[in-house]
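Some notes on the structure that comes next.
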Amino acid sequence: MTKIHNLGFPRIGAKRELKFALEFYWKGESSRDDLKALGQQLRQRHWQLQTELDLVPVGDFAFYDQVLDMSFTLGNLPERVQDFHGDALDNYFRVARGRSAQSTSDTQCCGGVAAGEMTKWFDTNYHYIVPEFTAATEFKLDASRLLEQLAEAEAQGVTAKPVIIGPVTYLWLGKAKDDSNKLALLPKLLPVYAELLETLAAQGVEWVQIDEPILVTELDAGWQNAFNTAYQYLQDGRVKLLLATYFGQLAENRSLAANLPVAGLHVDAVNGRNDVLLLLGMLPEQMILSLGVINGRNIWKTDLNTVLNWVEPIAQQLGERLWLAPSCSLLHVPVDLDSEQKLDAEIKSWLAFAKQKLGELQVLATALNRGRDAVKAELDANRAAIEARRHSSRVNNPAVKAALAKIDAKLGQRQSPYAQRALKQAALLKLPKFPTTTIGSFPQTSEIRLARSQFKSGKLDAAGYKAAMQAEIARCVSEQETLGLDVFVHGEAERNDMVEYFGEQLDGYAFSQSGWVQSYGSRCVKPPILFGDISRPRPMTVEWISYAQSLTDKPMKGMLTGPVTILNWSFVRDDQPRSVTCKQLALAIREEVLDLEKAGVKVIQIDEAALREGLPLRKSQWQAYLDWAVESFRITANGVADETQIHTHMCYSEFNDIIAAIADMDADAITIETSRSDMELLDAFEHFNYPNGIGPGVYDIHSPNIPSEQHIVALMHKAAERVPTEQLWVNPDCGLKTRQWAEVIPALTNMVAAAKTLRASLG
Ligand code: GLN
Ligand code: ZN
């Protein structure tokens, strides 16, 4: 019998119940007991959906983040919260977000502490709280969370498989605050893991899933050895360990993984399919092999018949030792396709969310265990859906394929090199030295949100909506006149989201109503679904920008999202390489760039906020990604005349290792986030002669604090030590949409004043 199991279930709830409950609690509008009860309800409901599995994940639920949960389980709390005497959950939120709930009586909580740093979970859009270490870090087991959840699961009658993060990955994910060697903590950490496993065994647990996803990254000898040390230490325990890897191939770590003294190994058989046959030859006699055959990272139906063709011979060879599962935790997909009421029926028939993916797993297991005939109807229906999608005219657009085939190197090439363009642009735009600009959005006020929701619900007609948005744009322009900025923006009032806005207007995209995926804590995103060949039926932004330009003599920046960012923030089709999809997006946005230019727009910004996010987990694959990503940007941007100034913008970016690729994009100016790092990010520009304009952010837009003129001047002086002053722009870190006007006006007033001071002192 082939067993089936799951690595983790989305915890946010089909209706984002957890999000709302958390935000209520933080605002002081509900009690801690209410919140805890909701957590329990969600766990129950999610286990209920998994009763057909042989092993059900327990401990995958987290109120904020599973890595932070692990830190608490291991007693690894940052020193600044160690003397807190309130409820542990409140202390947990203090680490997560700097404070707990407003109603918490303990005053310590509300004064706030520094929140834990957050960073991306491998190559997903999920963010975890980075564990903090020093050489003196001690660990101490607190198994209470896991034990409570185990007891709940037992009461519900599910066969629980606790899920924990393995010791090597846990250390790897963290940061040594004192620059000490994290790996040196392993000997102190392992006894706590052993104690945890023993505690679970005492509860009658048979299997524990221990996640070690770093096995799909390039590891140096120190980290490889740590695996041997750790699992030899843990091998005498009474529970069986299922070592779980996901998000990619084991490749050179294959034999390391296969030879660890654990009872089972889970591998991602979607992204790491090539490992599997090789692994079969090296697995020890008794070891279970769990194959992640259902893609846990996308929303497409699995081609079940094809998977069976591949997996049946493996099942024959392994017998009982074969298990099946999704490739990774289902945290990265929405909960339930059944809740989609508005999604076009044809497209819906191609999709599977978490609940549906578990259904697919069941069909596979039945086919393997009882023969394909036992699930003939399901397999036939699946085949029909897969075939229909493959041949649908909604997916295939011959004109797009033809345009793609015609792409040549010329398409991404500006007419003249930067130095010559810069002269022409200077003559046309007549900007001062240290020109000032902003990144695109201005505050999204409650009036804007109200108008949008009224328009969506039909209470406001198209003309009324347009008038409301134009009024906002006019306000933005007049504020910028008063502030005295040099290059204006229209403020993005009409955009809900920088990717969704374009997706909604491109052919080849569909939208879910509740396809939410957790990004961090209570924050969720609803990635649009890119299902077909991409084309642009009509201009998307020209009317708004032309209107904004008509109100001022200052240059108005056209504002677009670039192809790589649109790709990285969407659920993307799996039937062609990402590079091909990206180039289709590039051609569509290129048309918009050229239309803006035709309409007289002289400066066009193309945001690539997510370019760095798309980097593959293995460094050896970076260059291939950067090649097509940069080419896509160039196709989008570089069809314009020399006089048209192209800007790009990136946030949360560290450039040191990709600076050459960024220079290759050949934008006339790049604006980046630097203020929080005190211009440290500009170190990259010191060693690399970046030739074009640079706007290092001088205003941290994530904070309500108003930067003073002196502070901005000081930051720009630091920038001027690394970059020639002729190249420098003065601007905030990112868009201002999350800020209030009352914050933005004084901050930008100081920024403009700082630019004037700089012109006098450094000009
Ligand atoms: N132009 C966008 C804005 O200002 C950029 C947002 C981003 O980089 N994340 O909102
Ligand atoms: Zn940004």
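Positions are given from 1, in the same order as the sequence printed here. Counting convention: from 1, in listed order, for ligands and their atoms alike.
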Looking only at side-chain N and O atoms, does [Y] offer a donor or acceptor that is under 3.5 Å from a partner on [X]?
X: S570; Y: Y509; value: yes
X: Q505; Y: R538; value: no
X: Q66; Y: Y126; value: yes

Suppose we screen for side chain to side chain contact (heavy atoms under 4.5 Å, CB included). Which residues come up paired with D595, at least two apart in sequence or across chains?
R536, P539, V542, K598
Considering residues at least two apart in sequence or located in another chain, which fulfil the side chain to side chain contact (heavy atoms under 4.5 Å, CB included) criterion with F688?
I659, A660, A663, Y690
The SG(C651)-the Zn ion (ligand 2)-SG(C734) angle, to 10°, is 120°
Partners of K583 by salt bridge (charged side-chain N to carboxylate O under 4.0 Å, His left out), sequence neighbours excluded?
E631
Are there any protein N or O atoms under 3.5 Å from the N or O atoms of ligand 1? List them with distances, or say none.
| from | atom 1 | to | atom 2 | distance (Å) |
| --- | --- | --- | --- | --- |
| ligand 1 | 1 (N) | I439 | O | 3.1 |
| ligand 1 | 1 (N) | E492 | OE2 | 2.8 |
| ligand 1 | 1 (N) | D607 | OD2 | 2.7 |
| ligand 1 | 4 (O) | I439 | O | 3.4 |
| ligand 1 | 4 (O) | S441 | N | 2.9 |
| ligand 1 | 4 (O) | S441 | OG | 3.1 |
| ligand 1 | 8 (O) | H649 | NE2 | 3.1 |
| ligand 1 | 10 (O) | S441 | OG | 2.8 |

